[in-house]
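Read through the structure below, which is laid out as C-alpha coordinates, and then see the notes.
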Amino acid sequence: MAQQAESTNPISAVISGVGLWTPENTLTNVELVDVLNRYADQHNEAHKAEIESGTVQPVAKSDPDFIEKASGIRQRYVYRKEGILEVDRMRPRIPKRRDDELSHQAEMGLNAARKALAAAGIEGSDLDAVIVSCSYTERAYPAIAIELQAQLGCDGFGFDMLVACSAATFAQHRAYDMIKAGTARRVLVVNPELTSPQVNYRDRDSHFIFGDVATAVVIERGDLAQSAHQYEILGTKAKTVFSNAIRSNFGYVSRTQDIDPFDPDALFHQEGRTVFKEVCPMAAAHIAGHLEQYSLTPTDVKRWWLHQANINMNQLITKKLLGHLASAEEAPIVLDRYANTASAGSIIAFSLHHEDLQSGDYGVICSFGAGYSIGSLVIRKR
Ligand code: CO8
(Lines give C-alpha, C1' and ligand atoms only; values in the text may rest on other atoms or scores of the structure.)
Protein backbone atom coordinates (compact mmCIF):
# COMPACT_ATOMS: atom_id res chain seq x y z
CA MET A 1 0.00 0.00 0.00
CA ALA A 2 2.63 2.50 -1.09
CA GLN A 3 1.64 6.11 -1.60
CA GLN A 4 3.08 6.64 -5.05
CA ALA A 5 1.80 9.54 -7.16
CA GLU A 6 1.14 11.78 -4.20
CA SER A 7 1.93 15.29 -5.26
CA THR A 8 5.44 16.65 -4.73
CA ASN A 9 3.83 20.04 -4.09
CA PRO A 10 4.70 20.78 -0.42
CA ILE A 11 1.33 22.47 0.18
CA SER A 12 -1.27 20.04 1.48
CA ALA A 13 -5.03 20.62 1.30
CA VAL A 14 -7.24 19.22 4.05
CA ILE A 15 -10.92 18.98 4.76
CA SER A 16 -11.01 20.44 8.27
CA GLY A 17 -14.71 20.97 8.91
CA VAL A 18 -18.07 19.82 7.60
CA GLY A 19 -21.57 21.15 8.27
CA LEU A 20 -25.01 19.69 7.59
CA TRP A 21 -28.28 21.59 7.79
CA THR A 22 -31.47 19.55 7.58
CA PRO A 23 -34.86 21.24 7.01
CA GLU A 24 -37.45 20.51 9.69
CA ASN A 25 -40.20 19.26 7.33
CA THR A 26 -40.32 15.57 6.47
CA LEU A 27 -42.32 14.09 3.63
CA THR A 28 -42.99 10.35 3.76
CA ASN A 29 -43.47 8.02 0.80
CA VAL A 30 -47.08 7.43 1.93
CA GLU A 31 -47.85 11.17 1.90
CA LEU A 32 -46.41 11.60 -1.60
CA VAL A 33 -48.14 8.53 -2.97
CA ASP A 34 -51.45 9.59 -1.43
CA VAL A 35 -51.48 12.99 -3.18
CA LEU A 36 -50.27 11.55 -6.50
CA ASN A 37 -52.91 8.82 -6.45
CA ARG A 38 -55.68 11.31 -5.63
CA TYR A 39 -54.46 13.44 -8.55
CA ALA A 40 -54.44 10.36 -10.81
CA ASP A 41 -58.04 9.51 -9.84
CA GLN A 42 -59.16 13.09 -10.51
CA HIS A 43 -57.35 13.34 -13.85
CA ASN A 44 -58.39 9.90 -15.08
CA GLU A 45 -62.03 10.47 -14.14
CA ALA A 46 -62.09 13.94 -15.78
CA HIS A 47 -60.57 12.55 -18.99
CA LYS A 48 -62.29 9.18 -19.02
CA ALA A 49 -63.60 9.42 -22.58
CA GLU A 50 -60.29 10.67 -24.08
CA ILE A 51 -58.35 8.01 -22.19
CA GLU A 52 -60.67 5.33 -23.58
CA SER A 53 -60.29 6.71 -27.11
CA GLY A 54 -56.50 6.88 -26.66
CA THR A 55 -56.14 10.65 -27.14
CA VAL A 56 -55.11 11.31 -23.50
CA GLN A 57 -52.73 9.22 -21.41
CA PRO A 58 -53.92 8.13 -17.98
CA VAL A 59 -51.84 9.25 -14.99
CA ALA A 60 -50.15 6.18 -13.49
CA LYS A 61 -50.48 5.57 -9.77
CA SER A 62 -47.58 5.20 -7.38
CA ASP A 63 -46.88 2.72 -4.58
CA PRO A 64 -44.86 3.19 -1.35
CA ASP A 65 -43.60 -0.41 -1.39
CA PHE A 66 -42.24 0.05 -4.94
CA ILE A 67 -40.45 3.23 -3.91
CA GLU A 68 -38.68 1.69 -0.93
CA LYS A 69 -37.74 -1.49 -2.81
CA ALA A 70 -36.59 0.25 -6.01
CA SER A 71 -34.67 3.08 -4.32
CA GLY A 72 -34.17 2.52 -0.57
CA ILE A 73 -35.89 5.86 0.11
CA ARG A 74 -38.33 6.04 3.05
CA GLN A 75 -38.70 9.79 3.47
CA ARG A 76 -37.11 13.08 2.50
CA TYR A 77 -36.80 16.55 4.01
CA VAL A 78 -38.19 19.56 2.19
CA TYR A 79 -37.43 23.23 2.68
CA ARG A 80 -41.14 24.15 2.49
CA LYS A 81 -43.83 21.48 2.72
CA GLU A 82 -46.80 23.81 2.15
CA GLY A 83 -48.39 23.24 -1.26
CA ILE A 84 -46.75 19.91 -2.12
CA LEU A 85 -49.59 17.81 -0.72
CA GLU A 86 -52.40 20.01 -2.11
CA VAL A 87 -53.81 18.03 -5.01
CA ASP A 88 -54.58 21.20 -7.02
CA ARG A 89 -51.01 22.52 -6.58
CA MET A 90 -48.42 19.79 -5.94
CA ARG A 91 -45.43 22.11 -5.74
CA PRO A 92 -43.98 23.87 -2.70
CA ARG A 93 -45.03 27.39 -1.79
CA ILE A 94 -41.76 29.29 -1.32
CA PRO A 95 -42.54 32.98 -0.78
CA LYS A 96 -40.69 35.53 -2.86
CA ARG A 97 -38.23 37.52 -0.78
CA ARG A 98 -37.39 41.18 -1.25
CA ASP A 99 -33.98 42.04 -2.66
CA ASP A 100 -32.89 43.33 0.75
CA GLU A 101 -33.83 40.04 2.47
CA LEU A 102 -31.56 37.00 2.65
CA SER A 103 -32.32 34.70 -0.28
CA HIS A 104 -33.62 31.19 0.43
CA GLN A 105 -30.51 29.39 -0.74
CA ALA A 106 -28.23 31.82 1.09
CA GLU A 107 -30.21 31.07 4.26
CA MET A 108 -29.91 27.30 3.72
CA GLY A 109 -26.22 27.63 2.90
CA LEU A 110 -25.51 29.89 5.86
CA ASN A 111 -26.97 27.32 8.27
CA ALA A 112 -24.58 24.64 6.95
CA ALA A 113 -21.66 27.06 6.58
CA ARG A 114 -21.79 28.13 10.25
CA LYS A 115 -21.57 24.49 11.31
CA ALA A 116 -18.64 23.79 8.99
CA LEU A 117 -16.76 26.87 10.22
CA ALA A 118 -17.38 25.87 13.85
CA ALA A 119 -16.11 22.33 13.13
CA ALA A 120 -12.98 23.78 11.51
CA GLY A 121 -12.56 26.21 14.41
CA ILE A 122 -12.37 29.27 12.16
CA GLU A 123 -14.40 32.41 11.47
CA GLY A 124 -15.89 33.60 8.21
CA SER A 125 -13.25 36.33 8.14
CA ASP A 126 -10.53 33.63 7.93
CA LEU A 127 -11.82 32.49 4.52
CA ASP A 128 -10.32 33.58 1.22
CA ALA A 129 -13.10 32.22 -0.99
CA VAL A 130 -16.66 30.91 -0.92
CA ILE A 131 -17.98 28.56 -3.61
CA VAL A 132 -21.70 27.81 -3.76
CA SER A 133 -22.18 24.70 -5.84
CA CYS A 134 -25.44 22.84 -6.37
CA SER A 135 -27.92 21.63 -8.99
CA TYR A 136 -29.86 24.89 -9.32
CA THR A 137 -29.47 28.44 -8.07
CA GLU A 138 -32.61 30.48 -7.54
CA ARG A 139 -31.26 33.35 -9.65
CA ALA A 140 -28.46 34.02 -12.12
CA TYR A 141 -26.84 36.92 -10.26
CA PRO A 142 -25.64 38.31 -7.98
CA ALA A 143 -24.08 34.98 -7.07
CA ILE A 144 -25.48 33.28 -3.98
CA ALA A 145 -21.82 32.75 -3.00
CA ILE A 146 -21.21 36.50 -2.92
CA GLU A 147 -24.31 37.00 -0.78
CA LEU A 148 -22.98 34.34 1.60
CA GLN A 149 -19.50 35.84 1.53
CA ALA A 150 -21.00 39.14 2.74
CA GLN A 151 -22.98 37.37 5.49
CA LEU A 152 -19.85 35.59 6.68
CA GLY A 153 -17.62 38.66 6.62
CA CYS A 154 -15.12 37.10 4.24
CA ASP A 155 -12.83 39.53 2.45
CA GLY A 156 -12.08 37.55 -0.69
CA PHE A 157 -14.20 36.28 -3.53
CA GLY A 158 -17.09 33.95 -4.22
CA PHE A 159 -18.74 32.32 -7.20
CA ASP A 160 -21.53 29.87 -8.01
CA MET A 161 -21.15 26.61 -9.95
CA LEU A 162 -23.74 24.16 -11.29
CA VAL A 163 -22.76 20.55 -11.97
CA ALA A 164 -25.96 18.69 -10.93
CA CYS A 165 -25.09 15.67 -8.76
CA SER A 166 -21.36 16.35 -8.92
CA ALA A 167 -21.62 19.99 -7.90
CA ALA A 168 -20.25 19.39 -4.40
CA THR A 169 -17.27 17.23 -5.39
CA PHE A 170 -16.36 19.36 -8.42
CA ALA A 171 -16.36 22.47 -6.21
CA GLN A 172 -14.18 20.68 -3.67
CA HIS A 173 -11.81 19.94 -6.56
CA ARG A 174 -11.64 23.67 -7.33
CA ALA A 175 -10.97 24.44 -3.65
CA TYR A 176 -8.18 21.84 -3.60
CA ASP A 177 -6.68 23.38 -6.75
CA MET A 178 -6.74 26.87 -5.21
CA ILE A 179 -5.04 25.69 -2.01
CA LYS A 180 -2.41 23.74 -3.94
CA ALA A 181 -1.77 26.69 -6.29
CA GLY A 182 -1.45 29.07 -3.34
CA THR A 183 -4.28 31.34 -4.57
CA ALA A 184 -6.31 30.74 -1.40
CA ARG A 185 -5.53 29.49 2.11
CA ARG A 186 -9.03 28.57 3.19
CA VAL A 187 -12.05 27.90 0.97
CA LEU A 188 -15.64 27.24 2.00
CA VAL A 189 -17.67 25.03 -0.33
CA VAL A 190 -21.43 25.25 0.24
CA ASN A 191 -24.19 23.10 -1.32
CA PRO A 192 -27.69 24.48 -0.74
CA GLU A 193 -29.59 21.77 -2.61
CA LEU A 194 -33.10 23.13 -3.06
CA THR A 195 -34.44 20.42 -5.36
CA SER A 196 -38.18 20.43 -4.52
CA PRO A 197 -39.14 23.31 -6.88
CA GLN A 198 -38.03 21.18 -9.88
CA VAL A 199 -39.61 17.87 -8.81
CA ASN A 200 -42.63 16.74 -10.83
CA TYR A 201 -44.80 15.47 -7.97
CA ARG A 202 -47.34 14.20 -10.57
CA ASP A 203 -44.90 11.77 -12.18
CA ARG A 204 -44.69 8.39 -10.46
CA ASP A 205 -41.26 7.67 -11.96
CA SER A 206 -39.63 10.61 -10.22
CA HIS A 207 -41.95 12.12 -7.58
CA PHE A 208 -40.23 10.27 -4.73
CA ILE A 209 -36.58 10.79 -5.63
CA PHE A 210 -35.46 14.13 -4.18
CA GLY A 211 -35.10 15.97 -0.91
CA ASP A 212 -33.74 19.36 0.18
CA VAL A 213 -30.67 19.89 2.40
CA ALA A 214 -27.56 22.05 2.71
CA THR A 215 -23.99 20.91 3.30
CA ALA A 216 -20.72 22.79 3.60
CA VAL A 217 -17.05 21.91 3.94
CA VAL A 218 -13.98 23.93 4.82
CA ILE A 219 -10.89 23.05 2.81
CA GLU A 220 -7.70 24.67 4.08
CA ARG A 221 -3.95 24.56 3.88
CA GLY A 222 -2.67 21.66 5.97
CA ASP A 223 -0.22 23.75 8.01
CA LEU A 224 -3.04 26.08 9.11
CA ALA A 225 -5.64 23.45 10.03
CA GLN A 226 -6.39 23.15 13.76
CA SER A 227 -9.57 21.08 13.95
CA ALA A 228 -10.05 17.73 15.70
CA HIS A 229 -10.86 15.81 12.50
CA GLN A 230 -8.73 16.54 9.46
CA TYR A 231 -8.62 14.67 6.17
CA GLU A 232 -5.78 15.28 3.77
CA ILE A 233 -6.93 15.26 0.16
CA LEU A 234 -4.47 13.00 -1.66
CA GLY A 235 -5.97 13.92 -4.99
CA THR A 236 -9.10 14.57 -7.04
CA LYS A 237 -10.45 13.02 -10.22
CA ALA A 238 -13.29 14.22 -12.44
CA LYS A 239 -14.98 12.72 -15.48
CA THR A 240 -17.91 13.84 -17.62
CA VAL A 241 -19.63 12.05 -20.49
CA PHE A 242 -22.56 13.73 -22.24
CA SER A 243 -25.93 12.00 -21.76
CA ASN A 244 -29.56 12.98 -22.33
CA ALA A 245 -30.81 10.37 -19.85
CA ILE A 246 -31.23 12.96 -17.06
CA ARG A 247 -32.53 16.40 -18.02
CA SER A 248 -34.09 19.55 -16.58
CA ASN A 249 -34.90 21.90 -19.44
CA PHE A 250 -36.30 25.03 -17.83
CA GLY A 251 -33.86 27.89 -18.29
CA TYR A 252 -33.66 31.61 -18.94
CA VAL A 253 -34.30 31.18 -22.67
CA SER A 254 -37.67 29.50 -21.91
CA ARG A 255 -39.34 32.94 -21.84
CA THR A 256 -38.52 33.41 -25.51
CA GLN A 257 -39.95 30.00 -26.37
CA ASP A 258 -43.32 30.43 -24.63
CA ILE A 259 -42.57 27.35 -22.58
CA ASP A 260 -44.93 26.34 -19.79
CA PRO A 261 -42.76 26.29 -16.63
CA PHE A 262 -44.91 23.44 -15.33
CA ASP A 263 -44.52 21.27 -18.41
CA PRO A 264 -43.03 17.87 -17.47
CA ASP A 265 -40.22 18.47 -19.98
CA ALA A 266 -39.22 21.62 -18.09
CA LEU A 267 -38.93 19.73 -14.79
CA PHE A 268 -36.52 17.00 -13.72
CA HIS A 269 -37.01 13.82 -15.76
CA GLN A 270 -34.86 10.82 -16.48
CA GLU A 271 -34.62 7.33 -17.89
CA GLY A 272 -33.83 5.80 -14.52
CA ARG A 273 -33.03 2.28 -15.76
CA THR A 274 -30.61 3.61 -18.39
CA VAL A 275 -28.90 5.82 -15.83
CA PHE A 276 -28.58 2.90 -13.47
CA LYS A 277 -27.06 0.63 -16.13
CA GLU A 278 -24.68 3.22 -17.59
CA VAL A 279 -23.49 5.01 -14.47
CA CYS A 280 -22.71 2.05 -12.15
CA PRO A 281 -19.87 0.55 -14.24
CA MET A 282 -18.52 4.04 -15.03
CA ALA A 283 -18.43 4.98 -11.34
CA ALA A 284 -16.78 1.71 -10.27
CA ALA A 285 -14.08 2.00 -12.97
CA HIS A 286 -13.53 5.67 -12.13
CA ILE A 287 -12.98 4.96 -8.43
CA ALA A 288 -10.70 1.97 -9.06
CA GLY A 289 -8.63 4.10 -11.47
CA HIS A 290 -8.40 6.94 -8.99
CA LEU A 291 -7.22 4.66 -6.17
CA GLU A 292 -4.63 3.11 -8.47
CA GLN A 293 -2.95 6.52 -8.81
CA TYR A 294 -1.88 6.15 -5.17
CA SER A 295 -1.16 2.40 -5.47
CA LEU A 296 -4.24 1.77 -3.35
CA THR A 297 -6.81 -0.94 -3.90
CA PRO A 298 -10.48 -0.79 -2.84
CA THR A 299 -9.76 -3.06 0.15
CA ASP A 300 -7.35 -0.40 1.50
CA VAL A 301 -10.30 2.00 1.84
CA LYS A 302 -11.87 2.18 5.28
CA ARG A 303 -14.93 4.21 4.28
CA TRP A 304 -16.88 5.03 1.12
CA TRP A 305 -18.95 8.20 1.18
CA LEU A 306 -20.84 7.65 -2.03
CA HIS A 307 -23.45 9.63 -3.90
CA GLN A 308 -26.88 8.82 -2.55
CA ALA A 309 -29.29 8.25 -5.44
CA ASN A 310 -30.31 4.65 -5.02
CA ILE A 311 -29.30 1.98 -2.50
CA ASN A 312 -29.11 -0.69 -5.20
CA MET A 313 -26.68 1.47 -7.19
CA ASN A 314 -24.38 1.91 -4.19
CA GLN A 315 -24.49 -1.81 -3.41
CA LEU A 316 -23.65 -2.70 -7.00
CA ILE A 317 -20.76 -0.24 -7.18
CA THR A 318 -19.19 -1.31 -3.87
CA LYS A 319 -19.69 -4.99 -4.77
CA LYS A 320 -17.85 -4.44 -8.06
CA LEU A 321 -15.02 -2.77 -6.13
CA LEU A 322 -14.80 -4.90 -2.99
CA GLY A 323 -16.11 -8.25 -4.20
CA HIS A 324 -18.67 -8.29 -1.37
CA LEU A 325 -21.73 -6.31 -0.32
CA ALA A 326 -20.42 -3.30 1.64
CA SER A 327 -21.57 -3.04 5.25
CA ALA A 328 -23.25 0.11 6.55
CA GLU A 329 -19.99 0.88 8.32
CA GLU A 330 -17.97 0.61 5.09
CA ALA A 331 -20.41 2.54 2.87
CA PRO A 332 -22.98 4.43 4.93
CA ILE A 333 -26.42 4.98 3.39
CA VAL A 334 -28.34 8.13 4.27
CA LEU A 335 -30.89 8.16 1.47
CA ASP A 336 -33.45 6.22 3.49
CA ARG A 337 -33.88 9.43 5.56
CA TYR A 338 -32.72 12.12 3.13
CA ALA A 339 -33.58 10.64 -0.31
CA ASN A 340 -31.47 11.89 -3.22
CA THR A 341 -30.25 15.36 -2.29
CA ALA A 342 -28.41 15.85 -5.60
CA SER A 343 -24.76 16.76 -4.94
CA ALA A 344 -25.07 16.86 -1.15
CA GLY A 345 -25.63 13.11 -0.63
CA SER A 346 -22.02 12.01 -0.30
CA ILE A 347 -21.29 15.01 1.93
CA ILE A 348 -24.21 14.16 4.25
CA ALA A 349 -22.77 10.65 4.52
CA PHE A 350 -19.32 12.12 5.26
CA SER A 351 -20.75 14.56 7.79
CA LEU A 352 -22.57 11.85 9.75
CA HIS A 353 -19.94 9.12 9.48
CA HIS A 354 -16.35 10.35 9.64
CA GLU A 355 -15.27 11.01 13.19
CA ASP A 356 -14.55 7.37 14.11
CA LEU A 357 -11.80 6.98 11.48
CA GLN A 358 -8.27 6.56 12.84
CA SER A 359 -5.18 8.45 11.73
CA GLY A 360 -3.93 6.94 8.45
CA ASP A 361 -7.33 5.52 7.42
CA TYR A 362 -8.24 6.08 3.77
CA GLY A 363 -11.63 7.16 2.50
CA VAL A 364 -13.27 7.97 -0.82
CA ILE A 365 -15.88 10.65 -1.47
CA CYS A 366 -17.55 10.09 -4.85
CA SER A 367 -20.52 11.58 -6.68
CA PHE A 368 -22.15 10.35 -9.89
CA GLY A 369 -25.15 11.63 -11.80
CA ALA A 370 -26.53 13.99 -14.41
CA GLY A 371 -24.21 15.10 -17.19
CA TYR A 372 -23.09 12.34 -16.76
CA SER A 373 -20.58 13.53 -14.19
CA ILE A 374 -18.39 11.66 -11.72
CA GLY A 375 -16.20 13.37 -9.13
CA SER A 376 -14.02 11.72 -6.50
CA LEU A 377 -11.59 12.66 -3.74
CA VAL A 378 -9.23 10.17 -2.09
CA ILE A 379 -8.61 11.32 1.46
CA ARG A 380 -6.60 10.14 4.47
CA LYS A 381 -7.27 10.96 8.11
CA ARG A 382 -4.42 12.90 9.68
N1 CO8 B 1 -44.87 3.20 -8.18
C2 CO8 B 1 -45.19 2.04 -8.80
N3 CO8 B 1 -44.62 1.62 -9.93
C4 CO8 B 1 -43.67 2.39 -10.48
C5 CO8 B 1 -43.28 3.61 -9.91
C6 CO8 B 1 -43.93 4.01 -8.71
N7 CO8 B 1 -43.60 5.15 -8.09
N8 CO8 B 1 -42.30 4.16 -10.66
C9 CO8 B 1 -42.10 3.33 -11.69
N10 CO8 B 1 -42.94 2.26 -11.59
C11 CO8 B 1 -43.06 1.13 -12.52
C12 CO8 B 1 -42.53 1.49 -13.88
O13 CO8 B 1 -43.48 2.18 -14.64
C14 CO8 B 1 -42.21 0.13 -14.43
O15 CO8 B 1 -43.39 -0.49 -14.87
P16 CO8 B 1 -43.40 -1.40 -16.19
O17 CO8 B 1 -42.45 -2.52 -15.87
O18 CO8 B 1 -44.81 -1.79 -16.31
O19 CO8 B 1 -42.87 -0.51 -17.29
C20 CO8 B 1 -41.72 -0.65 -13.20
O21 CO8 B 1 -42.26 0.05 -12.06
C22 CO8 B 1 -40.22 -0.68 -13.08
O23 CO8 B 1 -39.73 0.64 -13.32
P24 CO8 B 1 -38.22 0.99 -13.46
O25 CO8 B 1 -37.54 -0.01 -14.33
O26 CO8 B 1 -38.07 2.45 -13.79
O27 CO8 B 1 -37.75 0.76 -11.93
P28 CO8 B 1 -36.31 0.69 -11.38
O29 CO8 B 1 -36.15 -0.56 -10.65
O30 CO8 B 1 -35.29 1.04 -12.41
O31 CO8 B 1 -36.28 1.88 -10.31
C32 CO8 B 1 -35.36 4.10 -10.16
C33 CO8 B 1 -36.47 3.24 -10.71
C34 CO8 B 1 -35.47 4.08 -8.64
C35 CO8 B 1 -35.56 5.52 -10.65
C36 CO8 B 1 -33.98 3.55 -10.59
O37 CO8 B 1 -33.97 3.28 -11.96
C38 CO8 B 1 -32.83 4.48 -10.28
O39 CO8 B 1 -32.62 4.90 -9.17
N40 CO8 B 1 -32.01 4.77 -11.27
C41 CO8 B 1 -30.85 5.62 -11.06
C42 CO8 B 1 -31.29 7.00 -11.26
C43 CO8 B 1 -30.29 7.99 -10.82
O44 CO8 B 1 -29.37 7.78 -10.08
N45 CO8 B 1 -30.51 9.17 -11.29
C46 CO8 B 1 -29.73 10.25 -10.93
C47 CO8 B 1 -30.64 11.37 -10.93
S48 CO8 B 1 -30.17 12.56 -9.84
C49 CO8 B 1 -29.17 13.66 -10.60
O50 CO8 B 1 -28.51 13.39 -11.53
C51 CO8 B 1 -29.17 15.02 -10.04
C52 CO8 B 1 -29.99 15.89 -10.85
C53 CO8 B 1 -30.10 17.18 -10.17
C54 CO8 B 1 -31.14 17.25 -9.10
C55 CO8 B 1 -32.51 17.38 -9.64
C56 CO8 B 1 -33.45 17.88 -8.60
C57 CO8 B 1 -34.87 17.96 -9.05
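Checked by atom type, the side-chain pair His269/Ser206 shows no donor-acceptor distance below 3.5 Å. Side-chain N/O atoms of Gln230 and Ser16 include no donor and acceptor closer than 3.5 Å. Remark: the Arg247 side chain and the Asn249 side chain contain an N/O donor-acceptor pair separated by less than 3.5 Å. Inspection of the Lys381 and His229 side chains reveals an N or O donor paired with an N or O acceptor under 3.5 Å. When only modelled atom types and interatomic distance are considered, Thr318 and Glu330 share no side-chain donor-acceptor pair under 3.5 Å. When only modelled atom types and interatomic distance are considered, His290 and Ser376 share a side-chain donor-acceptor pair under 3.5 Å. Using modelled atom types and a 3.5 Å distance limit, the side chains of Ser196 and Asp212 yield a donor-acceptor pair. Ser103 and Glu147 are linked by a side-chain donor-acceptor pair at a separation below 3.5 angstrom, with hydrogens and angles left out of the test.
A 6.0 Å sphere centred on CD of Gln57 holds no more than 12 heavy atoms belonging to other residues, nucleotides or ligands. Counted within 6.0 Å of CG on Asp223, heavy atoms from surrounding residues, nucleotides or ligands total more than 12; the atom is thus considered enclosed. In Glu123, the CD atom is not crowded: 12 or fewer heavy atoms of neighbouring residues, nucleotides or ligands sit closer than 6.0 Å. Residue Asp99 qualifies as open at atom CG: its count of foreign heavy atoms under 6.0 Å is 12 or below. Applying the 6.0 Å contact sphere to NZ of Lys239 captures no more than 12 heavy atoms from other residues, nucleotides or ligands. Few gaps surround NZ on Lys81; more than 12 heavy atoms of other groups in view lie less than 6.0 Å from it. Within 6.0 Å of CZ in Arg382 there are more than 12 heavy atoms belonging to other residues, nucleotides or ligands. Shown here is Gln358, whose CD atom has no more than 12 heavy atoms of other residues, nucleotides or ligands within 6.0 Å.
By the 4.0 Å N-to-carboxylate-O rule, Lys180 lies too far from Asp177 to be salt-bridged with it. Arg303 and Glu329 are joined by a salt bridge, as a carboxylate oxygen and a charged side-chain nitrogen come within less than 4.0 angstrom of each other. Electrostatic pairing of Arg91 and Glu86 does not count as a salt bridge here, judged by no charged N lying under 4.0 Å from a carboxylate O. We find that Arg80 and Glu24 are not joined by a salt bridge, their nearest charged nitrogen and carboxylate oxygen being 4.0 Å or further apart. A salt bridge links Asp34 to Arg38: at least one charged side-chain nitrogen sits closer than 4.0 Å to a carboxylate oxygen. With respect to Glu220 and Arg186, a salt bridge is recorded, a charged nitrogen being found less than 4.0 Å from a carboxylate O.
Side-chain contact between Tyr372 and Thr240 is absent, with no heavy-atom pair separated by less than 4.5 Å. A heavy-atom distance below 4.5 Å is found between the side chains of Val187 and Ile131. With a 4.5 Å cut-off on side-chain heavy atoms, Leu224 and Val14 do not count as touching.
A donor-acceptor distance shorter than 3.5 angstrom exists from the side chain of Gln308 to the backbone of Leu335, with no hydrogens or angles considered. In this structure, the side chain of Ser166 does not engage the main chain of Val163 through any donor-acceptor pair within 3.5 Å. Judged by distance alone, the side chain of Trp305 and the main-chain N or O of His353 form a donor-acceptor pair under 3.5 Å. Panel note: side chain Asp160, backbone Ala145; a donor-acceptor pair is recorded below 3.5 Å. No donor-acceptor distance shorter than 3.5 angstrom exists from the side chain of Gln75 to the backbone of Leu27, with no hydrogens or angles considered. Checking side-chain atoms of Gln149 against main-chain N and O of Cys154 turns up a donor-acceptor pair under 3.5 Å.
Taking the salt bridge (Lys or Arg N to Asp or Glu O under 4.0 Å) definition, one finds that Arg273 meets it with nothing, sequence neighbours left out.
Under the 30°/60° scheme for interplanar angles, the aromatic rings of His47 and His43 are found to be tilted.
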### Query
When you look at Thr215 and Ile348, which way does the side-chain contact (heavy atoms from CB on, under 4.5 Å) test go after all the steps?
CA-CA 7 Å; Thr215 52; Ile348 302 174; 3.8 Å; yes

### Message
What verdict does the side-chain contact (heavy atoms from CB on, under 4.5 Å) test give for Gln293 and Leu234, after you've listed the backbone C-alpha separation in whole Å, the side-chain angles of each residue and the deciding distance to 0.1 Å?
### Response
CA-CA 10 Å; Gln293 292 179 4; Leu234 300 190; over 6 Å; no

### Query
Lys96 and Glu138: salt bridge (charged side-chain N to carboxylate O under 4.0 Å, His left out), yes or no, with the steps?
CA-CA 11 Å; Lys96 178 160 169 40; Glu138 64 184 271; over 6 Å; no

### Query
Val218 and Leu117: side-chain contact (heavy atoms from CB on, under 4.5 Å), yes or no, with the steps?
CA-CA 7 Å; Val218 173; Leu117 291 171; 4.0 Å; yes

### Message
side-chain contact (heavy atoms from CB on, under 4.5 Å) for Val78 and Ile84? Distances and angles first, verdict last.
### Response
CA-CA 10 Å; Val78 282; Ile84 297 175; 4.1 Å; yes

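Every pair passing ring-ring contact (aromatic ring centres under 6.0 Å, His included) that includes a residue from residues 75-118 is listed here, sequence neighbours excluded: Tyr77-Tyr338, Tyr79-His104. Sequence neighbours left out, the pairs with a member in residues 191-224 that pass ring-ring contact (aromatic ring centres under 6.0 Å, His included) are Phe210-Phe268.
The nearest pair of heavy atoms linking Ile246 to Gly369 is CD1-C, 4.0 Å. Annotation for Ile73 and Asn29: closest pair O-ND2, 2.7 Å, computed over non-hydrogen atoms. Taking every heavy atom of both residues into account, Gln198 and Ser248 meet most closely at OE1-OG, 2.6 Å. When all heavy atoms of Ser343 and Asn191 are compared, the pair lying nearest together is OG-CB, 4.1 Å. Contact detail for Gln105 and Tyr136: the closest heavy-atom pair is NE2-O, 2.8 Å. Nearest heavy atom pair, residue Ile51 against residue Pro58, reads CD1-CA, 3.8 Å.
Aromatic ring centres of Tyr176 and His173 lie farther apart than the 6.0 Å criterion allows.
The cluster map of Ile, Leu, Val, Met, Phe, Trp and Tyr, joined by side-chain heavy atoms under 4.5 Å apart, puts Met313 and Val241 in the same cluster. Each of Leu20 and Val18 belongs to its own hydrophobic cluster when Ile, Leu, Val, Met, Phe, Trp and Tyr are linked at side-chain heavy-atom distances under 4.5 angstrom.
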